[in-house]
Colleague: 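Following this message is one structure expressed as structure tokens.
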Amino acid sequence: MYAQVVVDVPTQQTDHSFDYLIPAALEKFIVAGQRVVVPFGRSGRRVQGFVVGTSTTSSYAQKCKPIAYLIDLQPVLSSELLQLSQWLANRTFAFWVDCLQTMLPNVMRAKYSKKAWALTSTVRQSALFQGAAAISVPNDLTQQRQLAQWQKQGQVRIDYLVENKAQTRQQLVLNRVANQDYAHIVTQVKPQATKQRQLLQLFIDHPDWQQITYTALQQKYQIGNSVIKAAIAHGWFTRSQIEIRRNPYTNPVTPSSPQVLTAEQRKAYQTIITSASRPVLLEGVTGSGKTEVYLQVIEHFLQQHKTALMLVPEISLTPQMVTRVRARFGGQVAVLHSGLSQGERYDEWRRINQQQAQVVVGARSAVFAPLRHLGVIIIDEEHEASYKQIDNPRYHARDVALWRGRYHHCPVVLGSATPSLESRARGQKRVYQLVQMPHRVYNQPLPQVQIVDLREQQNLALELNSPLQVDLSQPLITALHQCLKKHEQAILLLNRRGYANFLLCRNCGFVPHCPNCDITLTVHLQEHCLLCHYCGHREPIMKQCQVCGSSKLRLSGTGTQKVETQLQELLPQARVLRMDNDTTTRKGAHQRILQQFAQQQADILLGTQMIAKGLDFPNVTLVGVINADTGLGINDFRANERTFQLLTQVSGRAGRKQKLGQVFIQTYNPDNYAIQLASQQDYEAFYRQEMQFRHQGNYPPYFFLIKITISHQERAQAFKMAYNVAKRIKPILQPREQLLGPVQPTVARIKNRYYYQIIIKYRHNQSLGQLLHQIMNNVQIDKKRGFAIAIDNEPQQME
DNA sequence: AGCACGCCGACT
DNA sequence: GTCGGCGTGCTC
Ligand SMILES: [Zn+2]
Ligand SMILES: [Zn+2]
């Protein structure tokens, strides 16, 4: 018997399965989906591999090596996920093994090490071994050479170790022994052995106990280790270990029951549960009660003994969100998010794999949750860019969800108040079933939105001979005053996309740049240094300008700190909470700030994009957007879409139930349609207008996009390679299809490598995929000459 | 990737 | 002569 194994060597030349002999002893145990350790290469190198199939014959002409050993007794990947991995590799131009690894918790990645064994006493007494029988192979080159020489002479053996980091938490337990008559024994025990008698009595009083943990005996009954040891020595009990699941849920929840649905919600619910062959796009305004629909849909499929997967963007996956789902489905819920420790994540994953959890809630990577019998997949806020992974494999969770939906023949729900144009257009073409929920559940009125024209404000200030020095306009300041007077709360959004604080010499205009990248260094006041976000380069904040020596160095860029200072001057009585990268570096800080604000420990929450999501704040009646324009300045065809989404989302935070909300949007582009239509909260009108723009520019959803990035240490080399790649692609393009570039991105150099980009706009091109795989092959082979290539299918970020 | 093999200049 | 630097090719 042979096994087809995909080895953990992510390169182009090894990006296929290898045949291995299955040793007779393992024949009964080997199944596709298991991890194994196999020898690989001419030395004794061993690597982890995934069994992707078994066969009775092999097409490999030479002799196959046997599998070294099994890592998993049970498969960790189902045949569904194995198939998915292949599709994913093909779609994202990633290595197969990377796709397989991505589907599993991080701890299941192998750790490799080498151990050298001294076979003679001379070697053992050498300076290197210092009497030890074995040492781990050092990094030092000359020492490695010495070991290689000894190895050749048969004086040293080198072992290749594949470590499995995945570990379960074990606990000691005391087991009842069936033939022991505790009621009798207890009468025979010496009178002074009170603890022994107590232990026996416990097992007499609890006939249902088969075992109990040592910790429980210690904590509940103060029975220590020595007592237990003695009891085992008598033969009354046996000792063993059981696995303890790491429990990420700190607080118990009070169960909730389904709410009565509105007519709109009921219609959505009905459509979803009957739409197994067509995905449903659920377009519902903020407050329309999408989550309740999701929960009842999940309930419906659980009753049919199916499972449910619900994806939520990482920043929306708050404790409140998790609690809401757990309140409905209790212990059936497993949660996968970045806040878990590696061990907790591994345990949650295994709970799902062992079918002990039927509902999974998680962020992007949870789309690979090993659920069987999927009944429904829900993607909330489907427009969120964070569903697309930035590094390899560059997959979009939405695409994966649609694949799994097709595999299981189950409904896939894409929910959003502001759907991506791609999804909305598919709703129009009835590829997706479009369901709209335009009303809020309690019929709260939409907030009143006012656009503040900053050009006007500036002119006004000039007339009064006092140039606008603050980032807050007069109408917004007035509104803030009124809000505070009513003891209500306000949110201020500082749109800082692409903007960071940098240092500027006021004398000569010098700005410190990273020596390795073409980018200005960011000021980090917290750590008191200048930092490069691309390569991690760090240097102290200089006191004097490097060029002119002037000491007039100023912190520049629109910062939340600057606005905070202004707020303190304008509204000295206001309590301001600031939320940005500086205040949320520590884990959980993000949640803590939101919590404080929810508990009304502050009047104003001032922050960047991250405040647009998360907790509900019922007392917030005022939202101010300080600079609506910054998102528009970005060289990306989705700039309007992103701006519209952000403004709509943050506006939705104003006003709940009886309290009417008020929104101020400050802008220099009051006529921009994204800003105009966001102020009217009119998604459908925005969709129509934006579609025209996309049509004119041949952008998605009218065209598909592929971004190719090529890099090299030398600029000319990078360009030459990119140019040749472009030349190969151009001939196969269809009439209206386009190739743009190669061009340098805004940050043309990162970590001393030069980058070039090619964008392809295409529609139905049969040969493109194949050609790109070929190009990938060719360029990867030139990796040793310093070339690197990345192909991003449907990029979310154009830069 | 990581390792072996092979070719070539430089140093004991 | 041999050590070690690097370019090339292979891994079931
Ligand atoms: Zn200067
Ligand atoms: Zn840098």
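Throughout, a chain's letter reflects where its sequence line sits, starting with A, and its residues are numbered from 1.
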Colleague: With no hydrogens and no angle check, is any side-chain donor or acceptor of A:Glu382 less than 3.5 Å from a backbone partner on A:Ser420?
Modeller: yes
Colleague: Rounding to an integer number of Å, can you tell me how far A:Gln12 CD sits from C:dT11 P?
Modeller: 16 Å
Colleague: Which nucleotide, C:dC10, C:dC12, B:dC3, lies nearest any side-chain atom of A:Gln13?
Modeller: C:dC10
Colleague: Does anything in residues 17-58 of chain A form a ring pair (Phe, Tyr, Trp, His ring centres under 6.0 Å)? List the pairs, not counting sequence neighbours.
Modeller: A:His16-A:Phe18, A:Phe18-A:Phe40
Colleague: With a 3.5 Å cut-off and sequence neighbours excluded, list the donor-acceptor pairs that the side chains of residues 87-103 of chain A form with protein atoms.
Modeller:
{"residue": "A:Arg91", "atom": "NH2", "partner": "A:Asp399", "partner atom": "OD2", "Å": "3.1"}
{"residue": "A:Thr92", "atom": "OG1", "partner": "A:Leu88", "partner atom": "O", "Å": "2.8"}
{"residue": "A:Trp96", "atom": "NE1", "partner": "A:Ser85", "partner atom": "OG", "Å": "2.9"}
{"residue": "A:Gln101", "atom": "NE2", "partner": "A:Asp8", "partner atom": "OD1", "Å": "3.0"}
{"residue": "A:Thr102", "atom": "OG1", "partner": "A:Asp98", "partner atom": "O", "Å": "2.6"}

Colleague: Which whole-number value in Å describes the distance from A:Asp19 CG to C:dT11 C1'?
Modeller: 13 Å
Colleague: Could you tell me the separation between the CG atom of A:Leu21 and the P atom of C:dC12, rounded to a whole number of Å?
Modeller: 12 Å
Colleague: What is the distance, to the nearest angstrom, from the CZ atom on A:Phe18 to the C1' atom on B:dA1?
Modeller: 12 Å
Colleague: Enumerate the salt bridge (Lys or Arg N to Asp or Glu O under 4.0 Å) contacts for residues 28-53 of chain A, please, sequence neighbours excluded, ordered by first and then second residue.
Modeller: A:Arg35-A:Asp72
Colleague: Which pairs count as ring pair (Phe, Tyr, Trp, His ring centres under 6.0 Å) when at least one residue sits in residues 742-765 of chain A, sequence neighbours excluded?
Modeller: A:Phe704-A:Tyr762, A:Phe719-A:Tyr756
Colleague: Name the pairs: protein N/O against N/O of nucleotides 1-5 of chain C, kept only if under 3.5 Å.
Modeller:
{"residue": "C:dG5", "atom": "OP2", "partner": "A:Arg145", "partner atom": "NH2", "Å": "2.9"}

Colleague: For A:His337, what residues pass the ring pair (Phe, Tyr, Trp, His ring centres under 6.0 Å) criterion, not counting sequence neighbours?
Modeller: none
Colleague: Expressed as a whole number of angstroms, how long is the span from A:Gln48:CD to C:dC12:P?
Modeller: 17 Å
Colleague: Stepwise, does the ring pair (Phe, Tyr, Trp, His ring centres under 6.0 Å) test hold for A:His537 with A:His513?
Modeller: CA-CA 10 Å; A:His537 171 84; A:His513 278 67; over 10 Å; no
Colleague: In whole Å, I'd like the distance from the CZ atom of A:Phe40 to the C1' atom of B:dA1.
Modeller: 9 Å
Colleague: Among residues two or more places apart or on two chains, list those pairs meeting salt bridge (Lys or Arg N to Asp or Glu O under 4.0 Å) that have a residue in residues 336-349 of chain A.
Modeller: A:Arg246-A:Asp347, A:Asp347-A:Arg350, A:Glu348-A:Arg351
Colleague: Check the distance between B:dC3's P and A:Asp159's CG and give it to me in whole angstrom.
Modeller: 13 Å
Colleague: Taking only residues at least two apart or on different chains, which pairs with a member in residues 108-158 of chain A satisfy ring pair (Phe, Tyr, Trp, His ring centres under 6.0 Å)?
Modeller: none
Colleague: The side chain of A:Thr14 lies closest to which of these nucleotides: C:dT11, B:dG2, C:dC12?
Modeller: C:dT11
Colleague: Using a heavy-atom cut-off of under 4.0 Å over every strand shown, decide if A:Lys114 touches base, sugar-phosphate, or nothing.
Modeller: sugar-phosphate
Colleague: Return the value, rounded to whole Å, for the distance between atom CZ of A:Arg45 and atom P of B:dA1.
Modeller: 10 Å
Colleague: Not counting sequence neighbours, which residues clear ring pair (Phe, Tyr, Trp, His ring centres under 6.0 Å) with A:Tyr69? List them please.
Modeller: none
Colleague: If you take any heavy atom closer than 4.0 Å to DNA chain B, which residues from residues 53-69 of chain A end up in contact?
Modeller: none
Colleague: Could I get the full list of salt bridge (charged side-chain N to carboxylate O under 4.0 Å, His left out) partners for A:Glu422, not counting sequence neighbours?
Modeller: A:Arg638
Colleague: Any protein N or O atoms within reach of nucleotides 4-11 of chain B? Criterion: under 3.5 Å, listing atom names and distances.
Modeller:
none

